[in-house]
Amino acid sequence: MQSARRCPGRRVVAKQLKSPTLSATELCDASLRRIEKTKSLNAFITVTSEIAQKQAKESDERHSKGKRKGELDGIPIAVKDNFCTEGVLTSCGSHMLSNFVPPYSATVVSRLHDAGTVMVGKCNLDEFAMGSGTVDSIYGPTKNIWGSDIPFELLNSIHKKGGESSSTLNVKQGVLEEDWHIAGGSSGGSAVAVATGSCFAALGSDTGGSTRNPAAYCGVVGLKPSYGLVSRHGLIPLVNSMDVPGIIARTVEDVTLVLNAIAGPDDHDSTTIKRPHKKISLEETVNLRGLRIGIPKEYQNSLMSQEMIEVWKYAASILNEGGATVTEVSLPHTSSSIACYSVLNQCEVASNMARYDGLRFGIRGKDTSSTEQLYAETRSTGFNDVVRSRILSGNYFLLKRNYEKYFVKALKVRRLIKRDFDNIWNNNIDILLTPTTLSQAPRLSEFRQHDNQTQCVTQDYCTQPANMAGIPAICLPIRLSADGLPLSLQLMAPMYEESVMMKTALWLQQAVNFPQISLKI
Amino acid sequence: MDFVKRISVISEIKKCLGFKRSRRRVYSTLKNTEWKPVVGLEIHAQIQSASKLFSGAGTDFCSSTNKSVALFDAAFPGTLPVLNQQCVKAGVLTALALSCDLNEVSSFDRKHYFYSDLPAGYQITQQRSPLARNGILKFVVYKGGENARLYETSSQIHQIQLEQDSGRSLHDKDRSLVDLNRAGLPLMELVFKPDISDGEEAASLVKELCLILTRLGTCSCKMEEGALRVDANVSVHKEGTPLGARTEVKNIGSIRAVANAIDFEIARQIKLLHNGQEVINETRSWDSETLKTVPMRDKEEKQDYRFMPEPNLPPLHLRMRESQPSHPHMVDVLALKNKIPESPFEMRQRYQKEYNISLLQAVRLVNEDALLPLFAEAMSDKKDRNATILTNLLLNDILTVLNENSEIVFMVRDVGCITDMLDSGIISKSIARSIIAELAQGSNMSANEIVAKKGWSLISDQEVLEDLCRCAIQENEKILKKHVSGKKNGIEAFAKIVWKKTDGRANMKLVKEWFQKNLPYAGK
């Protein structure tokens with residue numbers, strides 16, 4: 001079938017559904033086939049074929065009755081495996097929850113279901129989202145499609161090298177088996193699922209960059225909404241005060257569609273804003289004239305690749321040419337942010353992980369000689385080294401004698417970081433433009449040179465300040481590196497100013513015309 | 001006051017304060033006057049509410065095991081706490097009733113420890129910024145013994161915080177079971193300053209608190225259901241020296257146990273110090289079987305609770321000033337202030353002053369939920385009603401009937417009417433009891449109608465009474481002889497004869513007056 005070749009991730013698909021050249025069932029089948037063909041990348045922990053086929057059928061029925069629920073009705077989506085899905089394994093990539101089938105669904109999952117979407121599967125992640133490579137999952141690592149053995153061509157490419165690189169990559173298959181490019185993380189599975197066209201959009205989660213980082217490495221669009229705009233109910237927490245459900249899709253328009261479906265108050269999450277979400281419309285194009293874009297100088301650190309710096313300058317110059325005012329600004333506490341993020345992260349991790357005792361859900365140890373022994377065995381076999389070491393250091397920071405020295409101090413720094421941003425916004429800056437990552441997607445061998453802590457410190461450098469301040473951020477691919485890998489930038493905006501941010505991102509997306517992957521399988 | 005009378009007063013006081021005679025003496029009599037005990041209470045009161053503090057699960061004490069458990073209560077991953085506004089209201093009402101300073105903004109914290117009945121591995125409480133601070137609880141203490149006395153005192157409240165309860169562990173021989181029905185139930189922890197001095201004061205404090213909370217409707221105070229739990233911090237020291245090492249006594253299951261456990265612990269500490277030993281700072285448990293405090297094994301290790309702010313709950317804002325806009329998500333303190341009823345303490349003071357009744361009578365009246373409205377309404381119906389007669393009628397006759405059957409409802413009209421009839425001598429006390437018995441039987445007549453129908457009003461007609469008195473003298477020569485000869489005063493005997501003849505309807509006051517006037521006794 002011809003449609004099998006199409007990437008179902010395009011908004012075009014939704015339009016096709018309006019004039020039925022492609023049914024939801026056909027689209028779903030195409031998705032499932034795509035998942036099967038790209039299985040070697042290991043984007044999915046669970047493929048929910050039966051659920052997807054049932055939901056697609058229901059969508060088709062609605063369609064035939066003229067009762068479509070909206071633009072997302074019948075559209076295949078995937079969900080990171082740290083969102084609870086009723087009746088479907090939700091493992092967090094951890095042995096601890098390898099048998100956990102939640103009795104309820106996360107609010108975002110329910111809302112996507114209510115919008116008529118078709119859930120094709122649950123995506124791979126670093127264990128409990130603690131990582132930035134999707135290499136620390138008990139279900140194995142997720143590989144990046146870029147530079148993989150999956151053949152594809154690039155459409156709308158202004159970089160003629162793209163097509164070549166894909167054919168070159170096919171040749172080097174044997175070598176790449178061993179040393180592929182990482183997908184980024186922790187929502188690597190979601191990013192790869194979107195990049196391969198296995199689904200239209202995928203939910204990720206973003207605590208320090210976990211949605212934006214893999215989106216950047218996989219050449220797709222990743223949104224971290226404002227804290228409180230999207231409900232966390234049912235998202236298995238990493239750091240409650242920074243976690244937000246993220247959205248990964250191929251285009252800014254697609255991301256916006258999904259955001260409009262899931263954003264808004266939720267009685268189950270007391271930290272969501274109380275006023276209803278006003279749907280973002282991208283119909284009106286943004287007028288760059290009068291838009292003030294800030295380039296925070298502190299984001300350029302010594303580890304940033306020259307290519308990335310060049311892309312950053314390139315995007316700034318085209319925005320400037322487009323009519324925006326681009327100025328250098330200062331966020332003086334940026335370099336302190338990552339250390340402070342680590343402390344807060346580990347403290348909340350220590351606390352949030354305390355519930356995994358094997359008594360009510362998840363795996364349970366065998367040593368029942370005492371409650372303590374049972375806990376110890378459950379937790380030491382259930383968690384990997386990364387999780388255990390964060391629990392250990394988090395508990396150390398929270399000890400009465402250390403609390404002031406670490407936790408309280410980190411909170412103070414967090415306030416300073418937030419104030420840095422506030423000062424910028426108060427100085428008439430509308431949008432900040434920065435890289436998402438310091439470089440293109442590293443190879444596994446490069447990535448593995450460092451421990452998890454160092455990996456995260458490097459990977460999250462540009463992304464975690466937005467989580468510290470709660471502000472929205474979106475990353476989108478700008479152009480390919482010399483190696484043929486995506487280089488992405490991110491835009492940040494004041495709290496709840498998603499609308500102007502998305503419009504600017506859309507303008508940039510159209511201006512850079514980044515190539516789309518089209519699989520040749 | 002002679003000895004016998006005093007004993008009976010003491011036992012009456014004990015009875016009315018709800019003190020049951022303890023089965024045996026529970027603490028050593030060793031008391032060294034140089035040691036001064038210091039006692040501070042921490043009381044967990046379960047907030048009366050249909051659902052839990054942070055989840056929608058029910059709070060029914062009788063529901064079967066693990067049935068009132070929401071996913072949040074079992075700490076399922078991804079679930080979040082949602083604060084129950086009704087519980088905040090109850091906490092605010094309680095804080096207002098105890099004259100606390102409310103915090104306009106309070107916040108929640110996580111207190112971490114591993115235990116099988118604590119599903120999340122932490123308890124959500126208010127450590128840094130509690131709901132309220134600096135309150136006071138005034139109460140009345142009765143002390144028995146050689147110098148029996150009834151006195152008013154008070155204890156300061158350090159803070160009131162909202163927190164969730166843990167579940168319950170049940171340990172069998174070879175297994176442990178957990179019931180999460182209690183996990184997440186809403187609690188108010190009231191932390192009192194260490195400013196009371198013995199078990200009796202502590203027990204009186206708890207009693208008064210129960211009175212206040214049940215009247216407010218914020219806690220059932222059923223200690224037997226664990227709805228009110230008392231922990232006592234006890235230490236002893238010498239006047240003018242720093243406080244001694246303290247112990248915390250837990251598992252105190254009743255008001256009587258509060259007094260016993262604390263007094264035992266004070267005596268134990270004094271004895272230790274007296275023998276040159278040290279008091280160890282530890283948690284002890286009250287054993288209601290052996291009537292002793294014993295060290296608690298599983299609390300031996302010193303815990304570091306690793307407190308941390310609860311990130312999933314925004315700060316709790318209260319509307320305290322008119323200038324603040326009201327908001328559906330905000331508890332309005334100004335509106336709740338008008339709902340605070342008169343405190344038992346104020347009520348007692350007012351009754352003593354307005355109606356000239358004794359402190360003891362006031363204490364007894366205010367303690368009785370069933371009598372209090374009868375008293376208040378009967379007095380407000382008729383301001384010059386004899387409050388002493390009314391109080392005695394309520395506390396003796398009516399209460400006796402109600403104690404046998406609490407279902408019986410007496411009408412204010414009847415209680416007032418009986419009081420007035422007693423006051424004006426239309427009926428005697430025994431008639432009053434008969435009327436009450438009739439009413440208790442479910443008579444559809446009023447007290448007035450009963451008296452009229454049964455012809456129970458006292459005979460106060462002078463001529464009729466004179467005939468009756470003369471008749472009694474004539475028919476009882478023996479008594480008369482002794483009386484006249486000065487051997488034995490016969491007035492009481494004659495009066496009793498008249499009383500019997502009239503089935504108790506003769507106005508005894510007038511009868512006795514007639515005898516005294518017409519048959520004065522000359523003997524000694």
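Here is the naming used below: chain letters follow the sequence lines, and residue numbers restart at 1 for every chain. What's counted below: heavy atoms across the whole structure, side chains too, no hydrogens, waters or symmetry copies. Note that this is a predicted model, so its numbers are computed, not measured.
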Which heavy-atom pair separates R360(A) from P119(B) by the least distance, and what is that distance?
-> NH2-O, 2.7 Å
Look at P81(B), G121(B), A120(B) and state which one has the largest set of heavy-atom pairs under 4.5 Å with chain A.
-> A120(B)
Interface residue of largest heavy-atom contact number with chain A, from H112(B), R175(B), R110(B), under 4.5 Å = R110(B)
Heavy-atom neighbours of D172(B) CG exceed 12 at 6.0 Å = yes
Would you say the side chain of S270(A) lies within less than 4.5 Å of the side chain of L83(B), judging by non-hydrogen atoms?
-> no
Scanning both residues in full, the closest heavy-atom pair of P103(A) with L71(B) reads CG-CD2, 3.5 Å
Pick from N240(A), T271(A), D269(A), T90(A): which one has the most heavy-atom pairs with chain B under 4.5 Å?
-> N240(A)
Residues from residues 306-319 of chain B approaching chain A under 4.5 Å (heavy atoms) = R306(B), F307(B), M308(B), P309(B), P311(B), N312(B), L313(B), P314(B)
Most contacts with chain B, counted as non-hydrogen pairs under 4.5 angstrom, among F397(A), F83(A), F407(A) | F407(A)
Portion of F76(B) that has a non-hydrogen atom of chain A nearer than 4.5 angstrom = both
Which residues satisfy the ring-ring contact (aromatic ring centres under 6.0 Å, His included) test with H329(B), sequence neighbours excluded?
-> H327(B)
Measuring from D304(B):CG to L399(A):CG, what's the distance to the nearest 0.5 Å?
-> 4.5 Å
Side chain from CB out, backbone as N, CA, C, O: work out which of these in T79(B) comes under 4.5 Å of a heavy atom of chain A, or both, or neither.
-> both
What are the residues of residues 363-380 of chain A, in order of number, with any heavy atom under 4.5 angstrom from a heavy atom of chain B?
-> T371(A), Y375(A), R379(A)
Within residues 397-411 of chain A or reaching into it, pairs that qualify as side-chain hydrogen bond (donor to acceptor under 3.5 Å, both in side chains) - sequence neighbours excluded = none
Approximate separation, where rounding is to 0.5 Å, of L359(A) CG and L118(B) CG | 11.0 Å
Minimum heavy-atom distance between F361(A) and P77(B), given as atom pair plus value | CZ-CD, 3.6 Å
Assess whether atom NZ of K111(B) is packed by more than 12 heavy atoms of other residues, nucleotides or ligands within 6.0 Å.
-> yes
In terms of heavy-atom pairs under 4.5 Å with chain B, which of N395(A), D357(A), D267(A) leads?
-> N395(A)
Please say whether more than 12 non-hydrogen atoms of neighbouring residues, nucleotides or ligands are located less than 6.0 Å from CZ in R355(A).
-> yes
Under 4.5 Å heavy-atom distance to chain B, tell me which part of H268(A) shows up: side chain, backbone, both or neither.
-> backbone
Does atom CZ of R133(B) have more than 12 heavy-atom neighbours, drawn from other residues, nucleotides or ligands, at distances under 6.0 Å?
-> yes
Tell me, out of S241(A), G234(A), C347(A), who's got the most heavy-atom pairs with chain B below 4.5 Å.
-> G234(A)
